[in-house]
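These notes concern the structure reproduced below.
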Amino acid sequence: MVVQSNLSTLNHCSSIETRKPATVLDSIPSINLKDPESKTHIMKACEEYGFFKVVNHSVPMEFIAKLETQALEFFNLPQSEKDKAGPPDPFGYGSKRIGSNGDVGWIEYLLLNTNPQVTSPKTLTVFQENPEIFWSAVKEYIEAVKVMAFEVLELIADGLKIEPRDTLSKLLKDENSDSCFRLNHYPPCPELQALSGRDLVGFGEHTDPQIISVLRSNSTSGLQICLKDGVWVSVPPDETSFFINVGDALQRCETRYLLKEVLVLSHANGENKCRERFHPMTYLRIEP
């Protein structure tokens, strides 16, 4: 979606939080899933950061490219067409409003269930233009990300000495799991210069209630995490890797693990005012 440069857009921006630019963090823990010591590295990353990057994963790049193409086709539809898939109930299309607490951000999104058997009228509307192509792209991507996430969870279980090692992943494989998949789109904002050097917030400060969140971004920066000392830092984008965020449920299982607070800027350091940011997130949840 291209945001036109006009007064109404500026009015929309005025109700959305802004932040000062953050320092780029160049020491994000990187976990190679093919490394025999990956279990040890994950334990350390969870304790020190609550956040890490996964490389050498099993998700095919063609699945990632296919999903991004189809999702951006949806987000580039006229607003009136996208609105037919909203407001979310909780699944479907949403714009600017995040959750039920009145929070707003420079964002639009699609929220879907990771179980392909769970649909809603709003979800069906999303796929009505190219149902076979778009729905196929979503299913392929979700299933591939799940496989990677289950591997990560089993390594975490190994580190915590949980037996059997599939205790966490098996719960998430249950057909009644309420894990969900969210496609976040942060449109370009040509009026960014009106913010006087500050960055426009797309998704404000929060922790995730799930056991873990699996994030991926395109090549545009914006994701930030809060370190132990309370300093917010920018995470360099890496479109070939995935980021894992420790959620509330996992932190309750192991109090040594650092619960990670994150936020997403639609436009970081002014560089993205004419670029869009695409951010698929898979929330893997275990009910307490």
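All of these numbers come straight from a predicted model, not from anything done at the bench.
- Partners of Phe243 under the ring-ring contact (aromatic ring centres under 6.0 Å, His included) rule, at least two apart in sequence or in another chain, are Phe51.
- Here Asp229 pairs with Leu227, Val231 under the side-chain contact (heavy atoms from CB on, under 4.5 Å) rule; sequence neighbours left out.
- Within the 4.5 Å cutoff, the side chain of Phe75 has no heavy atoms near those of the Leu77 side chain.
- Here the closest heavy-atom approach between residue Gly94 and residue Pro88 is recorded as CA-CD, 3.9 Å.
- Residues meeting the side-chain hydrogen bond (donor to acceptor under 3.5 Å, both in side chains) test with Glu140, sequence neighbours left out: Lys66.
- Remark: Pro78 engages Ser80, Glu81 in a side-chain contact (heavy atoms from CB on, under 4.5 Å) (not counting sequence neighbours).
- Aromatic ring centroids of Phe242 and His57 lie under 6.0 Å apart.
- The number of heavy-atom neighbours closer than 6.0 Å to NZ of Lys173, taken from other residues, nucleotides and ligands shown, is above 12.
- For Asp89, the salt bridge (charged side-chain N to carboxylate O under 4.0 Å, His left out) test picks out no residue, with sequence neighbours left out.
- When side chains are defined from C-beta on, Val235 does not count as touching Leu25, because their heavy atoms never get closer than 4.5 Å.
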Requested in this report: Show your reasoning for whether salt bridge (Lys or Arg N to Asp or Glu O under 4.0 Å) applies to Glu68 and Arg216.
Outcome: CA-CA 11 Å; Glu68 184 165 338; Arg216 186 196 157 269; 3.6 Å; yes

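- Taking CZ of Arg165 as the reference point, atom CG of Leu160 lies at 12.0 Å (rounded to 0.5 Å).
- Counting heavy atoms from C-beta outward, Ser213 and Gln210 have side chains that approach closer than 4.5 Å.
- By the salt bridge (charged side-chain N to carboxylate O under 4.0 Å, His left out) test, Lys39 pairs with no residue at all, sequence neighbours left out.
- Qualifying side-chain contact (heavy atoms from CB on, under 4.5 Å) partners for Pro90, counting only residues two or more places apart in sequence or in other chains: Leu111.
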Query raised in the report: Ile142 and Leu112: side-chain contact (heavy atoms from CB on, under 4.5 Å), yes or no, with the steps?
Result: CA-CA 10 Å; Ile142 288 176; Leu112 309 170; 5.6 Å; no

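- Side-chain contact between Val214 and Met148 is present, with heavy atoms from C-beta onward closer than 4.5 Å.
- Here the closest heavy-atom approach between residue Glu108 and residue Lys82 is recorded as OE1-NZ, 2.9 Å.
- Following chains of ILVMFWY side-chain contacts shorter than 4.5 Å, one cannot reach Met61 starting from Val55, and the two form parts of different hydrophobic clusters.
- With sequence neighbours excluded, no residue satisfies salt bridge (charged side-chain N to carboxylate O under 4.0 Å, His left out) with Asp35.
- Here Phe74 pairs with Tyr93 under the ring-ring contact (aromatic ring centres under 6.0 Å, His included) rule; sequence neighbours left out.
- Atom CD1 of residue Ile42 and atom OG1 of residue Thr40 lie 9.5 Å apart, to the nearest 0.5 angstrom.
- Distance check, rounded to the nearest 0.5 Å: CG of Asp208 to CG of Asn245 gives 5.0 Å.
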Query raised in the report: Are Thr114 and Val145 close enough, and set up right, to give a side-chain contact (heavy atoms from CB on, under 4.5 Å), and what steps lead you there?
Result: CA-CA 10 Å; Thr114 59; Val145 169; over 6 Å; no

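- Partners of His41 under the ring-ring contact (aromatic ring centres under 6.0 Å, His included) rule, at least two apart in sequence or in another chain, do not exist in this structure.
- Taking the side-chain hydrogen bond (donor to acceptor under 3.5 Å, both in side chains) definition, one finds that Asp166 meets it with nothing, sequence neighbours left out.
- For Thr240, the side-chain hydrogen bond (donor to acceptor under 3.5 Å, both in side chains) partners at least two apart in sequence or on another chain are Asp238.
- At a threshold of 4.5 Å between non-hydrogen side-chain atoms, the residues Thr69 and Glu73 count as touching.
- A 4.5 Å side-chain heavy-atom check between Leu223 and Pro237 finds every atom pair outside the cut-off.
- A donor-acceptor pair is defined here as one N or O able to donate and one able to accept, closer than 3.5 Å; no such pair exists between the side chain of Ser136 and the backbone of Ile133.
- Hydrophobic clustering, with ILVMFWY side chains joined whenever heavy atoms are under 4.5 angstrom apart, keeps Phe63 apart from Leu215.
- Looking at heavy atoms from C-beta onward, Asn113 lies out of side-chain contact with Cys180 at the 4.5 angstrom threshold.
- The shortest distance between side-chain heavy atoms of Leu67 and Leu183 falls below 4.5 Å.
- Residues Ser234 and Gln224 share a closest heavy-atom pair of CA-CG, 3.9 Å.
- When all heavy atoms of Leu153 and Leu168 are compared, the closest pair comes out as O-CD1, 4.1 Å.
- Judged purely by distance below 3.5 Å, without hydrogens or angles, the side chains of Glu154 and Ser169 pair a donor atom with an acceptor atom.
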